[in-house]
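Working notes, beginning with the structure itself.
Remember, it's 1-based here, ligands and their atoms both numbered in the order they're listed.
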Amino acid sequence: MENFSKVSWSNEESLRIGAAIMDNIRDAVIITDLASKILAVNPAFTEITGYTEAEVLGENPRLLRSGRHDQAFYQDMWTSLRETGQWRGEIWNRRKDGEIYPELLTISTVRNEQGEPVYCLGVATDLSQLRRDEERFQQLVHYDPLTGLPNRLLLEARLQHTLERASREGNKAAVLVIDLDQFKVINDSHGHAAGDALLIAVIHRLRSRLRQADTLSRLAGDQFVLVLESLHEYQEAEIMAGSIQAAMEEPFILPDGGKAYVRASVGISVYPQDGATAQALLIGADAAVHRAKQLGGKQFCYYTSELNVLARASLEMEEALCLALQREEFVLYYQPKVDLRSGRVASAEALVRWQRPDFGLVPPLEFIPVAEKNGLIEAIGTWVIQEACRQMRAWREAGLGEIKVAVNVSARQFRGGGLEEVIAKALTCYGIEPSHLMLELTESMLMAEPEEAVLRMTALKRLGVRLSLDDFGTGYSSLAYLSRFPIDQLKIDRSFVNDITTDPGAATIATSVIALAHRMRLSVVAEGVETEGQLGYLRQHHCDELQGYLFSKPLPAGEFAELLREGRNLPVPEASLQARTLLIVDDERPILTALQRMLADEGYRIFTAASAGEGLEILARNVVQVILSDQRMPEMSGSEFLSRAKVLYPDTVRMILSGYAELDTVIQAVNEGAIYKFFSKPFDMEQLRSQIRDAFLYYEGVITPQRRENG
Ligand code: C2E
Ligand code: MG
Ligand code: MG
């Protein structure tokens, strides 16, 4: 106010002008006496702090304190006021509604005519808006406005951090420059708005492939940079490059409904070998992406030439793989799956090999992932299915009988659609009974999209083929889903089987998988059984089948046939043979014989009786767990017989075969608990066989009745 008097306004004028300023200024003004009692505040004060004049008059400004500053801070403020008559600084205060905000505060003492301090005047500017503007500014400086991705500036800063961390932890890192081939064409032909929409869709797909820690940023136009940190192997960058290209495979739908095919070239530089700084790595990756484009685009290049040599070798393999089908270089080997109860070969798993000229027999794990990546897997998979069916037919014609075969299905084949058609065609072409073909699916391919998977599997089941869940335990199957998958078989992964006799953890997993599978009416195969110990353990825990070197390696078709001809079996210990005993009662001899033959492979000890009386005689002399009886018999009906058996041998699981005419009596017996299950005639042999298996499992306490039906 002293200033105003210098321009020699009258006292009254100064006061009026002062008041007008107080009312109109956007800064909060607060006047206190020397005892810090508030004497006046202006409207802006109320607006900023939320306190009305009436609420603060007579109060101490302390009521605005945020609690963010310590005592020393306020002491400094007072010292400065006392000594210089002024304090200026940024301070955090609290509004009435509790919000803490930054303000720029100037406090000065106001002196009277004698020069003695009488008041304190505080003028405060609310900085919150400014801070928000600053953040926006940072955003503009560091992020790309169209995509919201970090721009080059932020990228370099982050990359530098990544490199420092990698150096500390002894890890590798990689910089991938991604350039969209022919993006300009789309921009020119569909307009910039379409181009922008496309970029955003591209980023969306790219993001879906990234890990949490990976940084994606936009360099310019259609160039992106991806920083991969904490890599153990530089090849992880190559895999990511492949994944990026795969992500672009499906066409993009433009806002105008048009389709756009985007291809990505990728240049890769690797830390530490290609450079130690962000700049160097970016330059390297940029040079590499240029090379990739020069080579025709839609590929990746390393900055370093040695790495390119290795990548080239895998490229050559890819090219050779493309020709392998037409050159008929693939061959199927067959590995027996052996029934643990009977010791007999139950079926075979077909495993593909590639006879690559100059390279020898290439195992599937070396080329299936490549084929999966470049899409060849679908053609290879189709060949595998056809070849397996052809072989089944050939074995049948050679007099080896009906051999069941399982084929492996790859993720892409499963997802791709058209699989049902391929299977149906092969089955018809070679006259194969659908239930003799089994498809092995892995957990990971089902769990990627479990809902979709259920639909696809249901469609496959409709063909009549059977489904097996391969490598079980290695993926992330949620048990909730497992019960919804219409599968027939579970294969316990080799890694568990391997440690089954030494590692209690692996053993627990294996045994609980067996129990779980049985409860869900699934049969269980143990993969990779190599020792007698493993075999013994699996047998004790009622595993159904085994597959592994202990019995046989995968064999060429000819050798597999030889093994069958020789009738090679897994020796079965007596005790386990006798463990499961079945009594069949029927007055018609031919039916007894047929049933006995059908069950021959199951490894049961089977008694037959031509009448109820004979049946009771056998029960008295032997331990029997499961009884299967015909209803219609001359002396005593089946239901009557089973009712007696119930009283005499309550633990037995009793089942009946019945025509519709006798249904009433049978139902009554079912209701009285004399019968566990009945089958109406004519009955389905396969179903009967699996129900008898269930009956034993039920007896052994592994399953409860009718919890679930498969197929
Ligand atoms: P998989 O389906 O789990 O097949 C079992 C693998 O374990 C086979 O390896 C087999 O040779 C091996 N194996 C069997 N018993 C033992 C044993 O006692 N000890 C040891 N150490 N290994 C044993 P292979 O033939 O190299 O096949 C590897 C994988 O390649 C298969 O695993 C399957 O996922 C895939 N594959 C094989 N053929 C095909 C095919 O036709 N199509 C598709 N998509 N994938 C296939
Ligand atoms: Mg398999
Ligand atoms: Mg497996």
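- Counting only heavy atoms of the protein, atom 18 (O) of ligand 1 lies nearest to Y549 N, 2.8 Å.
- Close contacts of ligand 1 with E530, meaning ligand atoms under 4.0 Å from a residue heavy atom, involve 17 (C), 18 (O), 19 (N), 20 (C), 21 (N).
- Under the 4.0 Å criterion applied to side-chain N and carboxylate O atoms, K337 and E349 are not assigned as salt-bridge partners.
- Backbone and side-chain nitrogen or oxygen atoms of E527 are examined, and one is located within less than 3.5 angstrom of a nitrogen or oxygen of ligand 1.
- Taking the six-membered ring where the residue is Trp, the centroids of Y234 and Y302 are separated by under 6.0 Å.
- At distances below 3.5 Å, at least one donor-acceptor pair connects side-chain atoms of Q534 with backbone N or O atoms of E530.
- Looking only at distances, a side-chain donor or acceptor of Q299 sits under 3.5 Å from a matching main-chain atom of L295.
- Where the criterion is an N or O separation shorter than 3.5 Å, residue side chain and backbone included, V352 meets it with respect to ligand 1.
- Between the side chain of Q687 and the main chain of D684, no donor-acceptor pair closer than 3.5 Å is present.
- For P554, the closest heavy-atom approach to ligand 1 falls below 4.0 Å.
- Judged purely by atom type and a 3.5 angstrom limit, D488 has no side-chain atom pairing as donor or acceptor with the backbone of R466.
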Under 3.5 Å, side-chain donor or acceptor atoms of residues 351-372 against the rest of the protein: list the pairs with distances, not counting sequence neighbours.
from: W354; atom 1: NE1; to: E329; atom 2: OE1; distance (Å): 2.9
from: E372; atom 1: OE1; to: S410; atom 2: OG; distance (Å): 3.4
from: E372; atom 1: OE2; to: R412; atom 2: N; distance (Å): 3.1

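- Counting protein heavy atoms only, atom 7 (O) of ligand 1 is closest to R494 NH1, 2.7 Å.
- For ligand 1, the atoms lying closer than 4.0 Å to a non-hydrogen atom of P364 are 24 (P), 25 (O), 26 (O), 27 (O), 28 (C), 30 (O), 36 (N), 37 (C).
- With N374 contributing its side chain and L376 its backbone, the two residues share a donor-acceptor pair below 3.5 Å.
- Listed by chain and number, the residues in a side chain to side chain donor-acceptor pair (under 3.5 Å) with R494 amount to none (sequence neighbours excluded).
- Not a single heavy atom of K491 lies less than 4.0 angstrom from ligand 1.
- Less than 4.0 angstrom separates some heavy atom of V384 from each of these atoms of ligand 1: 41 (O).
- Interface atoms of ligand 1 facing S410, defined by a heavy-atom separation under 4.0 Å, are 44 (N).
- The cationic group of R568 lies under 6.0 Å from the six-membered ring centre of F551 and within 45° of the ring axis, placing it in a cation-pi geometry.
- Near G548, meaning under 4.0 Å from one of its heavy atoms, ligand 1 places the atoms 15 (N), 18 (O).
- In terms of polar-atom proximity, defined here as any N/O pair under 3.5 Å, N408 does make such a contact with ligand 1.
- Protein heavy atom nearest atom 1 (P) of ligand 1, with residue, atom name and distance: D470 OD2, 3.7 Å.
- Looking only at protein heavy atoms, the nearest one to atom 15 (N) of ligand 1 is Q335 NE2, 3.0 Å.
- Of all atoms in ligand 1, numbered sequentially from 1 with element shown, those under 4.0 Å from a heavy atom of D471 are 3 (O).
- Remark: distances from the non-hydrogen atoms of V407 to ligand 1 are all 4.0 Å or more.
- Counting only protein N, O or S atoms closer than 2.8 Å to the Mg ion (ligand 2) gives 4.
- In terms of modelled atom types and a separation under 3.5 Å, the side chain of E527 and the main chain of K491 share no donor-acceptor contact.
- Panel note: side chain R462, backbone M457; no donor-acceptor pair is recorded below 3.5 Å.
- Of the protein's non-hydrogen atoms, the one nearest atom 29 (C) of ligand 1 is L365 CD2, 3.7 Å.
- Neither the backbone nor the side chain of K553 has a heavy atom within less than 4.0 Å of ligand 1.
- Counting the atoms of ligand 1 from 1 in the order shown, those under 4.0 Å from a heavy atom of V529 are 18 (O).
- Closest to atom 8 (C) of ligand 1, if we only count protein heavy atoms, is L351 CD1, 3.8 Å.
- Ring orientation note: the planes of F560 and W395 are tilted relative to one another, at an angle of 30° to 60°.
- A salt bridge does not link K298 to D181: none of the charged side-chain nitrogens sits closer than 4.0 Å to a carboxylate oxygen.
- Look at R353 and you'll find a heavy atom under 4.0 Å from some atom of ligand 1.
- A salt bridge is defined here as a Lys NZ or Arg NE, NH1 or NH2 lying under 4.0 Å from an Asp or Glu carboxylate O, and D214 with R209 fails to meet this definition.
- Under the rule for a side chain to side chain donor-acceptor pair (under 3.5 Å), the partners of S495 that lie at least two apart in sequence or sit in another chain are D493.
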